[in-house]
Amino acid sequence: MVLSSLWFSTTAGAAPSESNAASAQSYNLPDKIEDGAILHCWTWNFKNIKANLSQIAQAGFKAIQTSPINAVKIGDGGKMSLKSTNKGNWWYQYQPTDYTIGNYMLGTEDEFKDMCNEAHKYGIKVIVDIVANHCSSDYSVISSHVKNIGGKAFHDRLEISDWSNRYQVTQGKLTGLYDLNTQNPAVQQMIVDYVTAVLSDGADGFRYDAAKHVELPDGDSKYASDFWPIVLNNSAEFQYGEILSGGDRMGAYAKIMHVTAEGYGSNLQKAISKNTLSVAAIKNYRAYDEDMSDLDSKRLVTWVESHDNFCKDSNSTWEILDDKQIQQGWAVIAAQGDTTPLFFARPQGSNADSRWGDNTIGLAGNGNYYSSEVVEVNKFRNAMVGESKNIVQVVKNKVNMIERGNKGVVLVSVSDNENNVKVNTSLADGEYTDRVSGDKFTVTDGKLTGKIAAGEVVVLYNDDEPEVLAGDLNGNGYIDVEDATILQRFLAEFKKADGNPIVDVNDPKEFKIADANGDKKIDIQDVTTIQKIIAEFKI
């Protein structure tokens, strides 16, 4: 009788909004992009990003970064191989032909909007790669809209021959690409209109490609311009500039946007590739030869590798770092919490024997971004927002500890051997379980002891989050008729208004809540269990 009355009442109404578990709260993601981690979905198309959002959220990433989404040159006959006989077709993503949204590699504007909308349901923010310094090297494919923007659209055809010459670097051609006249107000407005449209479609932030190749508003002599103050004056939550191949006034760029710490990444790569890692290498964010001592580390975007150093023809990160070493480096940069780390997803199928793997633009990356080491470090980072950091060498140049307040620690080994751990810590006395391996560590009288296997990452902290209440599907703190309704609609294969299932059985937390009787499946027995609770029956 109770069952039938509940059933007929639910079929007439909409699904309760509280049942949407795809939110930042569900996955314990931080509020701000800079407090979380970014997954670089390099060359993934919009459909494949959308299809993997649940997994990305479960892996603890706060944001995803796309490749450039504007119109680009159709190169190599439109082939979708990452690497072809020349530089590789991925390179054409950095050859804009117009500043409209959507291209043949990633998808349409509507698909981009759809992806952003879905990402936000999971609490994931979207960062878009903006190529505002230059257009394609092929003048014939650049749109008339750009060519006739008003005034002079491009700088003179100056080749960069001296990379220490700021005039050449900011006013010259980067590898033959037509350099936009960034002093021209019409060009500035074109980029403003584009980023405004991208934000309107659902983006939350930007990465500016080749940022150091656009002049600054002061200190760049007669060719200075207000390009950056004008373009950056938008509603984006997070904006950073790519600064490569030398600092080139990085400190000045860092005053107006976040910047990449490529020098730090290069030093970290070298250290890990040699199986040696010192406290100094972990802590030193120095950028080339510039004095960055007064730079807030919150302004830095760090990485173990980027698409640029992965794709290099020689001495690429693919050649010197395997997936396990990427995990070690990621633990170093993500556990510290005072920079914003970017995880580059290598191509699908990429491994020690095949850099390009399946060699197809559009596919999702290989599985290292959701390895247990990366996932648990991400969750650690998200749980430690606001905590101070302390870095301690445990075994000289082989094992280091990153401690966050008195809440948790991450141990990183670059050793070829198992090592004993015996180190002072601020953690409370007690037993801790490594969230990666399940191994036990003990803190007694302020000293952490245990064993760390060769080359492994250990993540230790006690989670203060309360256990989920099985059966409370609408998340209101108690079990009521709405919860039974949600399960009944799930069993009847109802969908939410957006077409997604009422209960996401791929979400471990939501599954745990929905499996009210604990038999590891969701069925009519769970509805019955909830109804008995509501009727104050005993189970």
Side-chain angles (χ1 to χ4, degrees), residues 40-44 65 67-68 72-96 105 129 131 133-138 159-164 168-169 172-179 207 209-213 242-248 260-274 287-288 301-326 329 342-363 365-366 368:
H40 188 184
C41 300
W42 182 66
T43 74
W44 301 23
Q65 179 179 303
S67 291
V72 298
K73 178 180 178 179
I74 301 175
D76 202 16
K79 293 179 182 178
M80 298 294 279
S81 54
L82 285 166
K83 181 66 175 177
S84 60
T85 54
N86 49 35
K87 288 184 176 180
N89 294 329
W90 68 267
W91 170 247
Y92 294 112
Q93 292 184 340
Y94 291 87
Q95 296 201 38
M105 292 189 184
D129 201 346
V131 185
N133 169 70
H134 57 262
C135 287
S136 175
S137 57
D138 183 353
E159 298 287 345
I160 302 175
S161 59
D162 180 0
W163 289 86
S164 64
Q168 289 189 21
V169 167
K173 292 191 304 179
L174 175 63
T175 61
L177 297 158
Y178 274 82
D179 200 63
R207 173 225 189 234
D209 181 69
K212 77 166 188 176
H213 293 275
E242 177 207 36
I243 311 289
L244 300 179
S245 303
D248 293 282
T260 58
E262 189 204 17
Y264 176 72
S266 296
N267 290 338
L268 187 61
Q269 293 159 21
K270 292 173 185 176
I272 291 177
S273 69
K274 296 176 181 177
Y288 302 101
V301 173
T302 51
W303 61 57
V304 186
E305 68 178 344
S306 69
H307 73 273
D308 286 300
N309 54 43
F310 175 82
C311 294
K312 285 196 302 187
D313 291 332
S314 61
N315 200 35
S316 72
T317 46
W318 174 79
E319 294 173 299
I320 64 174
L321 298 177
D322 60 24
D323 280 356
K324 175 60 71 176
Q325 290 170 312
I326 293 293
L342 177 80
F343 190 97
F344 170 71
R346 290 179 171 184
Q348 187 171 119
S350 178
N351 55 48
D353 300 316
S354 173
R355 184 197 318 205
W356 304 105
D358 295 334
N359 197 28
T360 303
I361 291 170
L363 297 180
N366 79 353
N368 204 26

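Here the shortest heavy-atom pairing between Q95 and D138 reads OE1-N, 4.4 Å. Summarising the geometry of A345 relative to G365, their closest heavy-atom pair is CB-CA, 4.3 Å, with the distance given to 0.1 Å. Pairing each heavy atom of N89 with each of M105, the nearest pair is O-CE, 3.0 Å. Residues L268 and G329 approach most closely at CD2-O, 3.9 Å, considering heavy atoms. Closest non-hydrogen pair, A210 versus E242, comes out as N-OE1, 2.6 Å. A pairwise comparison of heavy atoms in I320 and S273 identifies O-CB, 3.7 Å as the closest pair.
Distance CG/D308 to NZ/K312: 9.5 Å, rounded to 0.5 Å. Atom-to-atom distance recorded for K83:NZ and D76:CG is 11.0 Å, nearest 0.5 angstrom. Distance check: L174 CG to H213 NE2 gives 4.5 Å after rounding to the nearest 0.5 Å. We find the CG-CD1 distance between N368 and I326 to be 7.0 Å, quoted to the nearest 0.5 Å. If you take CZ on F343 and SG on C41, they are separated by 11.0 Å, rounding to the nearest 0.5 Å. Once rounded to the nearest 0.5 Å, the distance linking CG of N359 with CE of M80 reads 11.5 Å.
For the pairing with Y94, the side-chain hydrogen bond (donor to acceptor under 3.5 Å, both in side chains) check across T175, D129, D209 returns one residue only, D129.
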Problem set entry | CA sep, side-chain torsions, deciding dist, call: D323, N366, side chain to side chain contact (heavy atoms under 4.5 Å, CB included) | CA-CA 10 Å; D323 280 356; N366 79 353; 3.6 Å; yes
For this session: Just do the salt bridge (charged side-chain N to carboxylate O under 4.0 Å, His left out) check on D179 and K173 with the steps written out, would you?
Result: CA-CA 5 Å; D179 200 63; K173 292 191 304 179; over 6 Å; no
For this session: Dump the intermediate steps for side-chain hydrogen bond (donor to acceptor under 3.5 Å, both in side chains) on Q168 and S161, then the final yes or no.
Result: CA-CA 8 Å; Q168 289 189 21; S161 59; 3.3 Å; yes
Exercise. Hey, mind stepping through T360 and Q348 against side chain to side chain contact (heavy atoms under 4.5 Å, CB included) and telling me if it holds?
Worked result: CA-CA 8 Å; T360 303; Q348 187 171 119; over 6 Å; no
Problem set entry | Derivation of the side chain to side chain contact (heavy atoms under 4.5 Å, CB included) call for L321 and I272 | CA-CA 8 Å; L321 298 177; I272 291 177; 4.0 Å; yes
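Looking at residues two or more places apart in sequence or on another chain, you find a ring-ring contact (aromatic ring centres under 6.0 Å, His included) between F344 and H40, W42, F310.
Side-chain contact check for S316 versus R355: some heavy-atom pair is nearer than 4.5 Å. In this structure, C311 and W356 have side chains that are in contact, with non-hydrogen atoms separated by less than 4.5 Å. You'll find the side chain of L342 stays beyond 4.5 Å of the side chain of R207, heavy atoms only.
Other residues, nucleotides and ligands contribute only 12 or fewer heavy atoms inside 6.0 Å of the NZ atom of K270.
Of the possible donor and acceptor atoms, none in the side chain of N267 sits under 3.5 Å from a partner among the backbone N and O of Y264. Counting only distance, with no hydrogens or angles, the side chain of T260 and the backbone of V301 share no donor-acceptor pair below 3.5 Å.
Between R346 and E305 there is a salt bridge, since a side-chain N of the basic residue sits under 4.0 Å from a carboxylate O of the acidic one.
Residues H307 and W318 place their aromatic rings such that the two centres sit no closer than 6.0 Å.
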